[in-house]
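Here's the structure we're looking at; comments come further down.
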Amino acid sequence: MPTPRADPRSGILSVSIRKGLSSSEHAFELNVEFTAPSGFTILFGPSGAGKTTLLDCVAGLSVPNAGKIAAPERVFFDAQAGVNTAVAKRQVGYVLQDLALFPHLSAGQNVEYGLAHLPRAERRRRADAMLREMRIEHLRTHTPGQISGGERQRVALARALVTDPCVLLLDEPLAALDARTKAKIIDDLRLWNRVHGIPILYVTHSREEVIALGERVLVMEEGHIIAQGTPHEVLSAPRQETVAQLAGFENIFDAVVESVHEDRGTMTCRLKRNQAKTLALLETPLIRAQPGSLLRIGIRAGDILLAIAKPEGISARNLIAGHVISVGLRDMIVSLQVDCGVEMEVHVTLAAKEALKLDRGSAVWLVIKTHSCHLMQS
Amino acid sequence: MTINWQAFGLTIELAAVVSIILFVIGLPLAYWIAFSRRRWKFLVEAIVALPIVLPPTVLGFYVLVALGSRSPLGRWWQSFTGHTLAFTFTGLVIGSVLYSLPFTVQPFAASFSAVDRRLLAASATLGASPLRSFIRVVVPLSIPGLITGVALSFAHTMGEFGVVLMVGGNIPGVTRTLSIDIYDQVEAANYAGANATSLLLLVFCFAALALVYGLNYRRASSETSGQKFWTMSPMR
């Protein structure tokens with residue numbers, strides 16, 4: 001029987017583990033160290049980065065080779081001390097990627113499943129309250145096969161939350177949902193955690209979710225944490241190229257620092273790969289770098305403006321002439337490849353394309369603000 | 001046309017007792033086969049499957065030896081009850097349990113293996129012990145396999161011959177089952193009687209299997225998610 005606790009709780013989940021996984025293709029090692037205070041901590045990264053393995057280790061479904069996992073109130077795992085608390089005793093709320101709702105039980109029975117230690121009436125009372133909180137009380141008698149995807153997500157969340165967990169693990173719980181449903185569920189979850197204040201590890205590979213959740217982000221790649229901070233810090237000023245790609249930089253170039261203008265807070269960088277051409281210079285924000293040092297510049301396709309004549313009286317510092325070499329349609333966005341010494345991808349709306357009569361061969365000017373050039377280590 | 005109703009009753013009783021015992025033994029054994037990660041698991045699986053390929057006389061012979069008054073088991077039973085196990089109904093039950101073991105265990109194990117492991121992971125994170133996960137998740141999702149296993153062991157025991165003859169002999173009311181009775185009648189050139197009894201056995205076994213398969217089919221199609229597993233044969 002869990003002892004009653006004073007709510008709201010606050011605590012820190014601290015994880016410092018190593019786990020080797022050998023598959024037939026390649027050996028892989030999860031090697032992470034981080035702490036997660038109460039509230040959302042987002043684990044962000046491409047598939048195969050080890051995010052699910054990490055959650056499995058915290059839940060106890062996988063056993064690390066070394067290290068320590070400490071939950072707010074107890075130690076889950078400590079290789080040196082020989083501690084490895086059984087899964088069933090960890091009181092971790094885990095919403096698995098495919099939800100893993102019990103198909104033979106109703107939504108109500110699913111929610112009551114983790115309350116087996118309580119008397120029947122109390123079980124029912126808590127499950128009903130949780131179903132209400134998750135706005136699914138009308139689904140109590142339905143089985144998972146009879147309800148929609150969003151409703152299933154809510155049942156899975158309710159099933160995990162009702163057990164009063166000390167840590168909540170969510171493995172892409174909202175991946176399959178539309179933005180509105182997603183936002184509503186996140187709001188309800190936030191509301192719930194305002195009272196409970198537990199650490200929530202939230203795995204996703206969607207950039208939109210990272211920004212929507214807006215809290216701490218750990219960026220993972222190949223079993224390591226390669227960046228961390230707020231979504232803004234991590235995504236808008238990426239230091240690493242993987243983060244850049246994840247953050248949605250369609251254009252990434254190698255560059256050399258040509259000159260540094262400390263008085264203006266800018267630098268001039270020459271893009272490599274086009275020594276022959278004249279328009280290879282970009283004005284970028286200032287960072288600590290010497291002329292001649294190598295770095296990378298990331299520019300989002302949506303941050304580049306297009307003009308059909310050379311703009312005048314404009315604040316943007318980079319005006320580059322080029323011509324359109326291909327035009328593609330992606331959803332409602334027109335994606336243009338523009339040759340301006342280097343190839344750049346530029347996104348404009350359909351209306352803009354019509355108004356400027358853009359097509360293959362059109363001569364254009366690219367307009368890029370200094371602060372749209374994001375610098376990272378190469 | 002005479003049907004030996006005493007033999008019929010005895011056969012039903014034997015099949016029922018054997019099915020119940022196999023159900024009780026089969027659950028943990030199949031659970032172990034489905035979920036154990038021991039390297040030597042294949043050996044246990046091979047042993048369980050042996051009766052499928054072994055001539056019933058071979059199995060019957062060893063059971064007879066094991067039950068006889070010279071074996072430790074036979075001696076222990078004798079000191080306990082005052083008579084030997086061979087040529088008794090109990091001996092027949094023991095032989096039949098061994099003989100029908102794979103017909104219970106294999107469908108059980110196959111259906112346990114088909115249960116999504118992530119459901120068991122979810123069950124564990126919700127505080128359930130392995131036993132509780134088994135009762136609340138594995139068993140309910142394996143019902144078609146459980147029904148198949150019980151039905152196959154029942155029908156298989158109904159029709160066994162070699163093991164019964166070796167272990168039980170041919171004592172009316174004690175060990176003379178329908179299949180032995182048919183053999184007797186053919187030996188005595190009573191083909192009409194043999195035909196009647198054979199037909200009874202045929203119809204009974206067919207009806208039992210048809211009922212089970214029919215029930216399972218309806219069950220499988222009424223469940224929208226989860227259970228897709230269904231085996232026709234006990235072989236995996």
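This is a predicted model, so every value here is computed, not measured. Throughout, protein chains are lettered first and strands after them, A, B, ... in sequence-line order, and every chain is numbered starting at 1.
For the atom pair B:R136 CZ and A:L105 CG, the distance stands at 5.5 Å (nearest 0.5 Å). Here the CG-CZ distance, from A:D171 to B:R118, works out to 7.5 Å after rounding to the nearest 0.5 Å.
Two residues are said to be in side-chain contact when any heavy atoms from C-beta on lie closer than 4.5 Å; A:F102 and B:S123 meet this criterion. Residues B:D116 and A:D98 are in side-chain contact: their nearest non-hydrogen atoms beyond the backbone lie under 4.5 Å apart. The closest side-chain heavy-atom distance from A:V92 to B:T125 is not below 4.5 Å. Here the side chains of B:L126 and A:Y94 are not in contact, with every heavy-atom distance at 4.5 Å or above. Taking 4.5 Å as the limit, every side-chain heavy atom of A:H104 sits out of range of all side-chain heavy atoms of B:I143.
Scanning residues 198-209 of chain B against chain A with a 4.5 Å heavy-atom cutoff picks out nothing at all.
With chain A as the partner, the residue from B:S129, B:P130, B:S133, B:G127 showing the most heavy-atom pairs under 4.5 Å is B:G127. Heavy-atom pairs under 4.5 Å with chain B peak, among A:R159, A:Q109, A:R90, at A:R159.
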Quick one: side chains of residues 7-14 of chain B, donor-acceptor pairs under 3.5 Å with protein atoms, not counting sequence neighbours, listed by atom name and distance.
{"unit_1": "B:T11", "atom_1": "OG1", "unit_2": "B:A7", "atom_2": "O", "d": "2.6"}
{"unit_1": "B:T11", "atom_1": "OG1", "unit_2": "B:L178", "atom_2": "N", "d": "2.9"}

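Within a 6.0 Å sphere centred on NZ of A:K89, heavy atoms belonging to other residues, nucleotides or ligands number 12 at most. Remark: B:R117 CZ is packed, more than 12 non-hydrogen atoms of other residues, nucleotides or ligands lying under 6.0 Å away.
Contact record, B:A128 with A:A88: O-CB, 3.6 Å, taken as the closest heavy-atom pair.
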